[in-house]
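A short worksheet on the structure shown next.
A, B, ... follow the sequence lines: proteins, then strands. Residue 1 opens every chain.
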Amino acid sequence: MLDKRYDHKKVEEGKYEFWKKEGYFTAGDKTKSPFSMVIPPPNVTGKLHLGHAWDTTVQDITARYKKLRGYDVLWLPGMDHAGIATQAKVEEKLRKEGVSRYDLGREKFLEKAWAWKEEYGKNIHEQWAKMGLSLDYTRERFTLDEGLSLAVKTVFKTLYDKGLIYKGERIINYDPVLKTALSNIEVVYEDTKGKFYYFKYPIVGSNRYLIVATTRPETMFGDVAVFVNPKDKRYKDLIGQYVINPANEEKLPIMGDEYVDIEFGTGAMKCTPAHDPNDFALSNKYKLERIKCMDDSAKMLDICGQFKGMDRYECREKLVEKIKADGRLEKIEDIVHPVGHSERSGTVVEPFLSKQWFVKMKPLAEQALAKSNVNFVPSRFKNTWKQWMENVDDWCISRQLWWGHRIPAYYNIKTGEIKVSIEDINDPMYKQDEDVLDTWFSSALWPFATLGWPNITDDYKRYFPTSLLSTGYDIIFFWVSRMIFDSLEFTKESPFKDCLIHGLIRDSQGRKMSKSLGNGIDPMDVIEKYGVDALRYFLTTGSAPGQDTRYIEEKVVSASNYLNKIWNSARYVLDNLGEDFKPIEIDFDKLDPVEKDIINKLNVTIKKVSSYMDKYEYSMASSYLYSFVYDDFCSSYLEMSKVSLQGSNESYKNIVKSILFYILKDIIIMIYPYAPFIGEELYQALPLHKKSIMIEDYPTEINAKKCDLTSVEILYKMIQDIRNYKVTNKLAPNYKLKLVIETKEKLFEGFENYLSRFSFAKEIIVSDNITSKGSKYAYSKMTLFIEDDISLEEKEAKRTKDIEFLENEIKRCENMLNNPNFINKAPKEKVELEKNKLEEYKKRLALLK
RNA sequence: GGAUGUUUAGCUCAGCUGGGAGAGCAUCUGUUUGACGUACAGAAGGUCACAGGUUCGAGCCCUGUAGCAUCCACCA
């Protein structure tokens, strides 16, 4: 016997451990066909947020659904060491203890980082359990484990040998707080308030000035030239002459290049090749010197004279003061311009000339574009991916960190010769590169490396390529695209067949959830309050594929109410089945119309829900199930069943019980992928259940035949009309009316009983020839009179309104049907439908008149 | 500058290859009917951003305009 209320805490208790213990999460049933997914490995930095909850729920629904569909489902869990993010957190913790990583040294620091990983990894496991994720823990991986490390080294060496990894000096994005290089996509551009400084550069051999504007005066110590556009009439004659750099009195040549925008600033641009990517390109073109003026923590170098050792911003301020004092400041303008910030530390990124390792992207990108057959869902994300691939820059993969895969390159300490090796080189003549690889370098191998690659293991053979990858659109570039090109390069196959892309979760006002706004929602709090099933249902319904969604607490409440509804319908059904209930097979022909009707509706629902589940459209699937549960089952059939279950026909009672049982079971199984805990709980309460809902089969349609059920529709419509009648006439819902039905057809057995129960009728008279003065309602086969004291005028008014409505409808139908174009061009079924409607309206009109 | 998404009820959003506009919440009326007040019954509420076009027929397809959002590339 179920409790009166659905108590999520009670329902959730112990189920996850039970599933795990029974081994239901473990893949490997060779008698079935495989369906595989890898989890997007969360960072071991901390707690999971609502975005993770969403992403993993989508995957868990898929895993559980596919399992019910008879697949051998592998959902492989794991975590990401998250180089920069984790190192930053560990360093922050150390700083609070008053130590720096340099005090500890590399080895000791890494011990601390591993301890961190253990601690937070445990957190994540607990949260996965709370979420109910059906992960195969026997195959769990970590991006820094032995197998992944081997894969990383193998990939690095292979690409290096092919010339697709190189070490080069380039302008890279440098994070001066974390002291590491970043890749282009780790830089976030934000419109930032700044100043545009206009300086007077004295022209050598003249008393004139050239005005040059800059936003970063501190880089003037690295200037090597001033560029103007050769088409710029103002400055054309100056090309070839020299100006004096007001920062350090150095002579700078005035050069011409079309790159310079005549309209922007003053049309004269300073050129700092070591601190700006565009200037770097110009320096390549014109063979200009590259002078660095800052070190790796953005402090000014010796060449900056009196500014040496200052922070970049302090230098900026002081230098402007100096130039102003020298009388060479023209003006300062306030501007808003995009400035690159580090994705992790938030600090302003410094473009910086530096020697780093790069992946040469063009050949890999071309191959990926040519050979990838990943099916993006929704498909538009394929274009997002393609466009990025087509314009991708070389990927800077070296990071000046300790937490990560150390670059397997070794330098001869005398000659500097580079050896790249998968095995460690212990030769004292060789020293390993100090840097580690970008975290994404290892995550890019996730789908195949977790299955054993570079070894061709049984799991790799069986589960790769994976069936589905699900993630948010925000990491298509970071991760999805890199998995695709690495997979095609190393396995010759796309890493997954389908790639399901979902949106981001935002707060109730549509803002991104962020620490600084303090608007983040901890999924664990939601679970505590409303239960994990309600959270899961909320996350995966009510939004369209690929669209963002907002966290709205009322919707979680509403999800929880829905689950309670199912809970209570189960309570009703189970109470009525009785102790020794055994379902009997349904013979559709022997059913009453009301039963036939609900079976038909169930079948339609199963069909619709299945087809949307197959397309990963969990929102659409849920909405069909929802309206079946609420409208067709709870509000209609379940109420109808109360009549037949109280009747005297024992054998038919068993049929009704069986139908209730089948419907309930199917509802439970269909809701279960969304809400596995309540699903299991209710399933266990069913008679004749298996050990777990996890080993059940997905519902299939019950045998049914086509038949005319308009009288059932009329019954439902009549009930609604009578209820409506009572409300408009201010009668109590249980007010006993006298109902008179005129019809020439024989009503199906029980019609009057059903009607009586729902309308609280005092008396129902059925006859084929009636003259009543009651309020009149016309249906295609019959007329209903409600005998009452309503004035004739009011009745007449209502009748006129009904007639007007029908006449309009008839006109609409006739217009369509009289249009030869419609008859000729519209599908046959549509024409037939309209004809039938017309006929019905005409019948009803005739009955009203 | 390029691209994508979005504009539908008071609010948040659905709407599946074009065939009479839907849900949740909120609002209003009513209800101790034996599954459920975390409920039930009923009601009200929309020129589907705007302008053209295609079509027998457009929320849906095409073109354009406007607002909002996001991504990519960026001007020193």
- Message: Suppose we define a pair by two distances each less than 3.5 Å, Watson-Crick or G-U wobble; what does B:U33 pair with here?
- Response: none
- Using a 4.0 Å heavy-atom cut-off across all strands, classify A:Lys615 as base, sugar-phosphate, or nothing. sugar-phosphate
- Query: When you measure from the side chain of A:Ala544, which nucleotide among B:U12, B:A14, B:A39 comes out closest?
  - Reply: B:A14
- Message: Taking the six-membered ring for Trp, are A:Phe196 and A:Tyr198 closer than 6.0 Å centroid to centroid?
- Response: yes
- Message: Closest approach to the side chain of A:Phe822, judged atom by atom: which nucleotide of B:G19, B:A41, B:A76 is it?
- Response: B:G19
- Task: Give a yes or no on whether a donor-acceptor pair under 3.5 Å exists between the nucleobase atoms of B:A35, that is its base, and the side chain of A:Glu639.
- Result: yes
- Query: What integer distance in Å separates A:Met620:CE from B:C13:P?
  - Reply: 18 Å
- Message: Ignoring hydrogens and geometry beyond distance, is the side chain of A:Lys565 in donor-acceptor contact with the base of B:C36 at under 3.5 Å?
- Response: yes
- Describe the nucleic acid contact of A:Leu638 in one word from base, sugar-phosphate, nothing, applying a heavy-atom distance below 4.0 Å. base
- Message: Is the distance between the ring centroids of A:Phe758 and A:Tyr754 under 6.0 Å?
- Response: no
- Atom pair distance, as rounded to whole Å: CD1 in A:Ile335 and P in B:A76: 6 Å
- Kindly point out which of B:C13, B:G37, B:C40 is positioned nearest to the side chain of A:Lys4? B:G37
